[in-house]
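Everything on this sheet refers to the single structure shown next.
The model shown is predicted, which means the values in this text are computed figures rather than measured ones. Protein chains get the first letters and strands the later ones, always in sequence-line order, with residue 1 at the start of each.
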2 protein chains.
Amino acid sequence: MRTYGQYCSVAKALDAVGDRWTLLIVRELLLRDGCRYTDLLHGLPGIATNLLSERLRELEERGLVRRQAAPPPVATTLYHLTDSGRELDPVLRALGRWGARFMPEGGEGDSFRSHWLAFPVKEFLHDADPAAPPVFIEVRTGDEPVVIELGGGEVTTHPGSHPSPDLVLEGDAPLVLGVLSGMLRLSDARKLGLRTTGSAAVLRRVESRVPV
Amino acid sequence: MRTYGQYCSVAKALDAVGDRWTLLIVRELLLRDGCRYTDLLHGLPGIATNLLSERLRELEERGLVRRQAAPPPVATTLYHLTDSGRELDPVLRALGRWGARFMPEGGEGDSFRSHWLAFPVKEFLHDADPAAPPVFIEVRTGDEPVVIELGGGEVTTHPGSHPSPDLVLEGDAPLVLGVLSGMLRLSDARKLGLRTTGSAAVLRRVESRVPV
DNA sequence: CGGCATCCTCTTTGATACTG
DNA sequence: CAGTATCAAAGAGGATGCCG
């Protein structure tokens, strides 16, 4: 194990999770705890399979990940974060907050997975009308549809489709995130290729607190 | 530039600062903004000089670091963080907080620089008696002495010695940090090799909030 | 198919030496 | 002091093979 050899808690943290891909594996497990090797592979486009297995072994040794042999009918091993691993949440949130500044430009040729939406949605979006009945926005981008629910002051995401969404947003992830974050006007997003169905008015209920 | 190619702000952040040594360079500049190449080299024991120069160039390209040609009598280039770079502070603090769990065991053969103390002192220690007149603890560990001042509810560090410190702690960094954080009793630390001069009673004024 | 292990090539790193 | 240059070792990325 390669270590910085510095008696400093930042260096110690980076000894444990500073290797390439490691924090992204933790991101996946924070988003979807208890998932399979293949799910991780799918959620981490670009990773080599040998690296994933190696990192998982290291994370297990360090006590951040626990593997659980799921009984039939699943009959496969599920990867979970330990308490220690889950406590990396503030680190990931701080990183995501800081990295948000690169999102407006980037996106050309980047891969995207729709479950990644859960992070920015929870972190930056708020329900501006908590008393109103919930509304549902179905987002079709990335690998599978996802539903954003606004209700009771909370904004949550759910994988899958909604039988009767109030609004459907379909198009590239940067367009969808631009509209949700309020950094892109819907009319401009439409010109850039975003397709919408339903009531665009529900977007006014999305309160965005993206850091400047 | 190697990138994850993922449209996710965490991945984008790691594209920018996820390389080996990069966040430790930012740590150094957060602790001592405007320092020289040699200061960085000294504050980052173990780094290869070519890596430091390469990382500094990358950080400058990404707009996190600014190099400034200092006029005589300094007559050298000084490295500063930009606003964008300084905004990594919450990331470093989250990492340091999480990594603190590795500090009690680690330390064998690790290098230590006394200016690193500023981070944990600011993050975890508080002055339990804000109304009392300030007291000064001189710590002699690592490369140079450092003075910890308790006063007005704040705990601050200052490089160098104090003419008449209330207490002097001298010995290995883990012992000093153990005593300051309250995880090690002074009597035990003394048995392990910590040398003290002055009034040990001032330690009762140190209120430690180390996360469990 | 899920969950890796192996092999091979290419890039990054670390240690050291050297220069303006 | 502030870096470049050189080179061996380690790590990453990609393809493929194996096994229940």
Side-chain angles (χ1 to χ4, degrees), chain A residues 1-6 11 14-25 28-29 32 34-62 65-80 109-111, chain B residues 1-6 11 14-25 28-29 32 34-62 65-80 109-111:
Chain A
M1 172 189 167
R2 189 178 47 172
T3 161
Y4 286 109
Q6 299 184 358
L14 291 172
D15 280 342
V17 297
D19 282 346
R20 191 161 163 78
W21 288 107
T22 301
L23 279 176
L24 293 184
I25 294 173
E28 284 302 301
L29 290 171
R32 307 196 287 188
C35 63
R36 299 171 301 172
Y37 188 87
T38 316
D39 299 328
L40 290 171
L41 221 43
H42 178 255
L44 295 161
I47 199 174
T49 171
N50 56 351
L51 259 197
L52 177 56
S53 79
E54 188 180 331
R55 291 287 182 270
L56 284 171
R57 188 159 22 82
E58 293 165 354
L59 284 169
E60 198 183 1
E61 280 170 13
R62 290 164 198 171
V65 160
R66 175 173 44 87
R67 69 182 74 199
Q68 185 182 21
V74 184
T76 184
T77 61
L78 295 180
Y79 293 89
H80 295 265
D110 281 355
S111 48
Chain B
M1 172 190 169
R2 187 178 48 173
T3 161
Y4 286 109
Q6 298 185 357
L14 292 173
D15 280 343
V17 296
D19 282 346
R20 192 161 163 77
W21 289 105
T22 300
L23 279 176
L24 293 185
I25 295 173
E28 284 302 301
L29 290 171
R32 307 196 287 187
C35 65
R36 298 171 301 171
Y37 189 85
T38 315
D39 299 329
L40 290 171
L41 221 43
H42 177 257
L44 295 161
I47 198 174
T49 172
N50 57 350
L51 258 197
L52 176 57
S53 79
E54 188 180 331
R55 291 287 182 269
L56 285 171
R57 188 161 22 83
E58 293 165 354
L59 284 169
E60 198 183 1
E61 281 170 13
R62 290 164 198 170
V65 159
R66 176 173 43 87
R67 71 180 74 199
Q68 185 183 22
V74 184
T76 185
T77 61
L78 294 180
Y79 291 89
H80 294 265
D110 281 356
S111 48

- Task: Name all residues meeting the side-chain contact (heavy atoms from CB on, under 4.5 Å) criterion together with Glu60(A); count only those two or more places apart in sequence or in a different chain, and write none if there are none.
- Result: Arg67(A)
- His80(B) meets the side-chain contact (heavy atoms from CB on, under 4.5 Å) criterion, sequence neighbours left out, with Asp33(B), Arg66(B), Gln68(B), Leu78(B)
- Query: Does Ser53(A) have any side-chain contact (heavy atoms from CB on, under 4.5 Å) partners at least two apart in sequence or in another chain, and if so, which?
  - Reply: Tyr37(A)
- Sequence neighbours left out, what passes side chain to side chain donor-acceptor pair (under 3.5 Å) with Gln6(A)? Give chain and number order. Arg27(B)
Please tabulate the protein-to-nucleotide N/O contacts below 3.5 Å involving nucleotides 8-12 of chain C, giving atom names and distances.
none

- Specify the residues of residues 18-25 of chain B, ordered by number, for which at least one heavy atom lies under 4.0 angstrom from an atom of DNA chain C. Arg20(B), Trp21(B)
- Message: Run the side-chain contact (heavy atoms from CB on, under 4.5 Å) test against Asp15(A) and tell me which residues pass, sequence neighbours left out.
- Response: Met1(A), Thr3(A), Tyr4(A), Lys12(A)
Can you tabulate the close N/O pairs, meaning under 3.5 Å, that link protein atoms to atoms of nucleotides 15-20 of chain C?
residue	atom	partner	partner atom	Å
dA15(C)	N6	Asn50(B)	ND2	2.7

- Using the test side chain to side chain donor-acceptor pair (under 3.5 Å), find all partners of Asn50(B) that sit at least two apart in sequence or belong to another chain. none
- Ignoring backbone atoms, establish whether Thr77(A) has a side-chain N or O less than 4.0 Å from OP1 or OP2 of dG2(C). no
- Query: Who passes salt bridge (Lys or Arg N to Asp or Glu O under 4.0 Å) against Arg62(A), sequence neighbours left out?
  - Reply: none
- In short, the helix from dC1(C)-dG20(D) to dG20(C)-dC1(D) is bent end to end, axes from five pairs each side, to 10°, by 30°
